[in-house]
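First the proteins, then the strands, lettered A, B, ... as listed; each starts at 1.
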Amino acid sequence: GAVVSQHPSRVICKSGTSVKIECRSLDFQATTMFWYRQFPKQSLMLMATSNEGSKATYEQGVEKDKFLINHASLTLSTLTVTSAHPEDSSFYICSARDTRRGETQYFGPGTRLLVL
Amino acid sequence: GENVEQHPSTLSVQEGDSAVIKCTYSDSASNYFPWYKQELGKGPQLIIDIRSNVGEKKDQRIAVTLNKTAKHFSLHITETQPEDSAVYFCAAGQGAQKLVFGQGTRLTINP
């Protein structure tokens, strides 16, 4: 149980284009989803927290107009990187939690984004 | 806000030996402490967690201890195997709030 998927697993795009990453909880309802960014050999940096049906809460320094998050259902959240640039290249990981059942966050497999 | 420090950053042990990774946290209100294992190119996987009402928890070869007074918690892996090689992250959180992660420990098990 508690499986989280992400799609795509890898994406290469040109500078200036937008990229959408999907995060799905497959066997539980995710009342809260989190989006992280991880640079090579570094820790996970929380970008934003999203609760189903409400606006995401962004961490300090994360541009909400650049990283659009939608959590439209209890099993799906999307992260759209708008007008991507090479410095946005990173490993993006989502996690999901059913707050009604506890604090445990279950992570997806991650999405490797490369912006050329 | 919460700050989590993790040590060591790298750890190399012989297969069969034990490995210990330590974390300290700053916010005494934190009450949930998970440990994640991350293999190369993959997302973190929860391996064990502990809540502040418990001092120790064990799951086969993995154990976690918590000292609330000193605000530190540790991961213990016994009888290490090559497949234990990975990056391990500790984290601290309070209830349903966000988690704050440590810097990670790259564990290498030498055959």
Side-chain heavy atoms under 4.5 angstrom apart, residues restricted to Ile, Leu, Val, Met, Phe, Trp, Tyr: same cluster for [X] and [Y]?
| X | Y | value |
| --- | --- | --- |
| B:L46 | B:W35 | no |
| B:V4 | A:Y36 | no |
| A:L44 | A:F91 | yes |
| A:V62 | A:V81 | yes |
| A:L113 | A:F67 | yes |

Chain A contact via B:P44 - side chain, backbone, both or neither, heavy atoms under 4.5 Å: both
Count the heavy atoms belonging to other residues, nucleotides or ligands that lie under 6.0 Å from NZ of A:K66, then report whether that count exceeds 12. yes
Heavy-atom count check: over 12 atoms from other residues, nucleotides or ligands less than 6.0 Å from A:H85 NE2? yes
Compare all side-chain heavy atoms of A:M45 with those of B:F101 and state whether any distance is below 4.5 angstrom. no
Beyond-backbone contact of B:R51 with A:E103, side-chain heavy atoms, under 4.5 angstrom: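 Yes - at least one pair of side-chain heavy atoms lies under 4.5 Å apart.
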Tightest non-hydrogen contact, residues A:I93 and B:G43, listed as CG2-CA, 4.5 Å
Option that, when pairs with chain A are counted at under 4.5 Å, heavy atom only, ranks first among B:Q103, B:Q45, B:R106, B:Q6: B:Q103
Which one of B:L99, B:V87, B:D49 has the most heavy-atom pairs closer than 4.5 Å to chain A?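 Maximum pair count with chain A is reached by B:L99.
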Do B:Q38 and A:Q38 have side-chain atoms, one donor and one acceptor, less than 3.5 Å apart?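 Indeed, the side chains of B:Q38 and A:Q38 share at least one donor-acceptor pair under 3.5 Å.
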Most chain B-contacting option - heavy-atom pairs closer than 4.5 Å, from A:T104, A:T49, A:L46: A:T104
Is there a side-chain contact (heavy atoms from CB on, under 4.5 Å) between A:Q105 and B:Y36 once you walk through the steps? CA-CA 10 Å; A:Q105 288 187 32; B:Y36 288 88; 3.6 Å; yes
Under 3.5 Å: donor-acceptor pair, side chain of A:S43, backbone of B:G104: no
